[in-house]
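To start, the structure itself, in structure tokens.
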Amino acid sequence: MPTVAVVVDTPQHSTVRGPLSYAADEALPAGALVQVPLGRRTVCGIVWPAGAEEEPGVELKPVAGVLRSLPPLPASWCRLVEFAAGYYQRSVGEVAHAALPAELRKLDDAQLAQRLKKLAKLAPAGGPAPQLPELTEEQVRALEALAQGGAPTALLHGSTGSGKTEVYLRAVAQALQAGRQALVLVPEINLTPQLEARFAERFPDRLIVSLHSGLTPAQRLRHWLAAHLGRADIVLGTRMAVFASLPRLGLVVVDEEHDPSYKSQEGARYSARDLAVYRGKLEGATVLLGSATPSLESWYQAQRGRYLKLSMPTRIGGGALPRVRLVDMNHVPKEAAFSHALSPPLMEALQQRLARGEQSLVLLNRRGYAPVLQCLECAWKSGCPHCSAWRVFHRSDRTLRCHHCGYTERVPRACPECGNPDIQPLGRGTERLEEQLAVSLPGARVARIDADTTRLKGTLESQLASVHAGEVDVLVGTQMVAKGHDFRRVTLVAAVNPDAALFSSDFRAGERLFALLMQAAGRAGRDAAQAGRSEMLIQTWHPTHPLYAALRAHDYEAFAAETLGEREMAGLPPHAHLALLRAEARTQEAAQAWLQDAARVADELGAAAAGVTLYPPVPMSIARVANVERAQMLLEAASRPALQRLLSAWLPELHGLRGAHKGLLRWAIDVDPLAI
DNA sequence: AGCACGCCGACT
DNA sequence: GTCGGCGTGCTC
């Protein structure tokens, strides 16, 4: 009787690591979906390419069912999953099953056959043949280089408004012409509808499907199947889509490749961008990473010639990038600087826009009315009882809300400690800024867009529409508004208080701030007629900071060179490779004790000799969330393979370490963490 | 993760 | 005397 290796869904801390062996009365192809008995239940499994697993010596249980109507998952898909599981130190089963639509696991063969029949209904949107815009010289050059590369990994560095999307569209057209499928990744669900519309218009006779967490389970299964069967030519999606099964994959586009959303923050903490690059190599597909402000990782690879570098510095239609003006807050009258957040130069610039009937965009990366309330009599502040964080004052519904655990209460009338009725907001969020602007600019129509105003489905779209319709003069928002949306009538973009990122303990904060401000600057002056009057205003206490100097010159390359130099000196990515071991426990001591024990095991495995440095365990910057204490330990190595080898030897040992530590709740490894 | 087995407090 | 609390342990 043939034996098959089957991968089942086992979480990280399970003792089941690799595939399990089952008996089958026929040879089953690798990649086939099966139902197998596991303990007392029957679960979905995937027949795995022969892992030469050793015989367990006991009699094997037989496979309980086979989904025959589903073509097996391609071998390259299995290899991608295996790589991801190994690299991010999770079980193959967990990664494989997370990559499949949940609905698929619930179906038997008959039900699946039913769903497959219904797939026939999916059809291209149809429509008139598209009008192709004339390509710029830069676009032509980029596309030629891409076509000559022989399935390269390319970094498309293009200014906002330089026409990156058109390059994506043409590259996709090339792939489709060659009979292959294209996968297009975007950082956020918000951005899929507009891109989907653009692709549907360009490819009216091709089937385009989307894959993201906003789909219903049935839709997700339908779209996944369309991709898997090769029916869909274009798959558009968020990071999860990097695992889509695509039998004819020829091109992967990663739009806004620098965006942190590509890194998963739970489960297997994979980077969809990095996996896209690996997948391209695996399947002989071209990978096109695009950004106006590439991640330093990608930029570094392009500089060393590992990636093909494509540059499009010029804005289409001759629109100039807005002039960047720094407002030195040290020279602003004290009362204005501290109490209003709105400096005289900013007010003047806003009034000018108002008088001319132009729009302004004011950025503040902090939701709510004020980040904390305080009592003027005693030392009380609005701390969260469950977290080591302040609760934010939301004036619209008179609540104190913890942004970490969600704990919400009505604002007390008086100080809960001393009864003093005089409790005051400290600092400023978008709600308060909106209020201040409305007061300071009488007659102006002020609107706000952030995670609070867009909680309901569809509100973002309707709010954006009202901005586009010219019903808003001043738009206040968090980084949400800086991403991807075009505001043709905006001629002023202002950052009210961006300095915090300059001195953040997070070494990537500067990189993120620069990308955000560059992107925000790109929102202004898209209309060539207005470009001359467009400007960006930065209120800062540190006007001589090199980040701002690079921003004024719209000089990404200068910023990248400067920052890469710092990273090299500090031994940080991309010049070094990091991993974080995180622990959650009832007490901070328990969390750190476990990490300490883990460090001892790593020492015994020869971490130091292998060139892997372990730093002492430290509490996380917000040490307690929802009454759970959190700590972490950083690992750093100059060599990625050395780090990988240590992790692979280390992780299995850590599973056995659990028992000795009371109070330890969870632990996890984050390879290539974004923030440390 | 499920879902067992397993050993100590308040109920028909 | 049982029902059930969730503390360890296993799943080919």
Side-chain angles (χ1 to χ4, degrees), chain A residues 1-67 72-73 78 81-82 84-85 88-108 213 217 240 243 264-270 582-587 590-591 593-594 597 626-628 651-670:
Chain A
M1 211 187 240
T3 301
V4 286
V6 175
V7 143
V8 294
D9 188 8
T10 46
Q12 167 84 347
H13 34 271
S14 155
T15 44
V16 176
R17 306 285 296 153
L20 304 178
S21 305
Y22 287 89
D25 20 82
E26 57 183 310
L28 292 168
L33 253 60
V34 291
Q35 274 125 16
V36 289
L38 181 69
R40 235 139 287 231
R41 60 210 165 109
T42 300
V43 296
C44 175
I46 304 160
V47 176
W48 213 245
E53 71 297 338
E54 69 249 51
E55 290 302 309
V58 287
E59 185 155 346
L60 298 177
K61 290 189 183 178
V63 169
V66 184
L67 291 182
L73 292 153
C78 295
V81 163
E82 208 149 55
Y88 295 104
Q89 303 293 332
R90 310 289 291 207
S91 75
V92 174
E94 184 195 5
V95 176
H97 284 269
L100 297 177
E103 197 79 346
L104 190 60
R105 275 185 279 173
K106 297 188 207 147
L107 303 180
D108 62 30
S213 59
M240 62 157 63
F243 287 112
S264 168
Q265 293 300 338
E266 81 267 301
R269 291 160 142 78
Y270 63 89
R582 294 207 174 91
E584 298 184 359
R586 298 247 178 257
T587 64
W594 186 80
D597 213 9
N627 290 322
V628 171
L651 271 279
E653 304 251 352
L654 294 187
H655 292 288
L657 228 58
R658 257 211 115 128
H661 292 268
K662 278 261 174 229
L664 178 73
L665 296 168
R666 274 180 295 275
W667 61 270
I669 187 92
D670 189 345

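By convention in this document, chain letters (A, B, ...) are assigned in the order of the sequence lines, proteins followed by strands, and residues within each chain are numbered from 1. Remember, it's a predicted structure, so these values are computed and weren't measured experimentally.
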Contact list for residues 27-42 of chain A, test side chain to side chain donor-acceptor pair (under 3.5 Å), sequence neighbours left out: none

Rounded to whole Å, please give me the gap between [atom1] in [X] and [atom2] in [N].
{"X": "A/Arg41", "N": "C/dT11", "atom1": "CZ", "atom2": "C1'", "result": "8 Å"}
{"X": "A/Asp9", "N": "C/dC10", "atom1": "CG", "atom2": "C1'", "result": "16 Å"}
{"X": "A/Leu38", "N": "C/dG9", "atom1": "CG", "atom2": "P", "result": "18 Å"}
{"X": "A/Glu59", "N": "C/dT11", "atom1": "CD", "atom2": "P", "result": "16 Å"}
{"X": "A/His655", "N": "C/dC10", "atom1": "NE2", "atom2": "C1'", "result": "15 Å"}
{"X": "A/Arg40", "N": "B/dG2", "atom1": "CZ", "atom2": "P", "result": "16 Å"}
{"X": "A/Leu20", "N": "B/dG2", "atom1": "CG", "atom2": "P", "result": "16 Å"}
{"X": "A/Leu28", "N": "C/dC12", "atom1": "CG", "atom2": "P", "result": "17 Å"}

Closest listed nucleotide, where the reference is the side chain of A/Tyr22 and the choices are C/dC12, B/dG2, B/dA4: C/dC12

Residue A/Lys61, side-chain atoms from C-beta onward, closest of B/dA4, B/dG2, C/dC12: C/dC12

Rounded distance (nearest 0.5 Å) linking atom NE2 of A/His97 with atom OG of A/Ser91: 9.0 Å

Test item: A/Leu33 and A/Leu73 side chains (from C-beta on) under 4.5 Å apart, heavy atoms: yes

Parallel, tilted or perpendicular, as decided by the 30° and 60° cut-offs, for the rings of A/Trp667 and A/His655: tilted

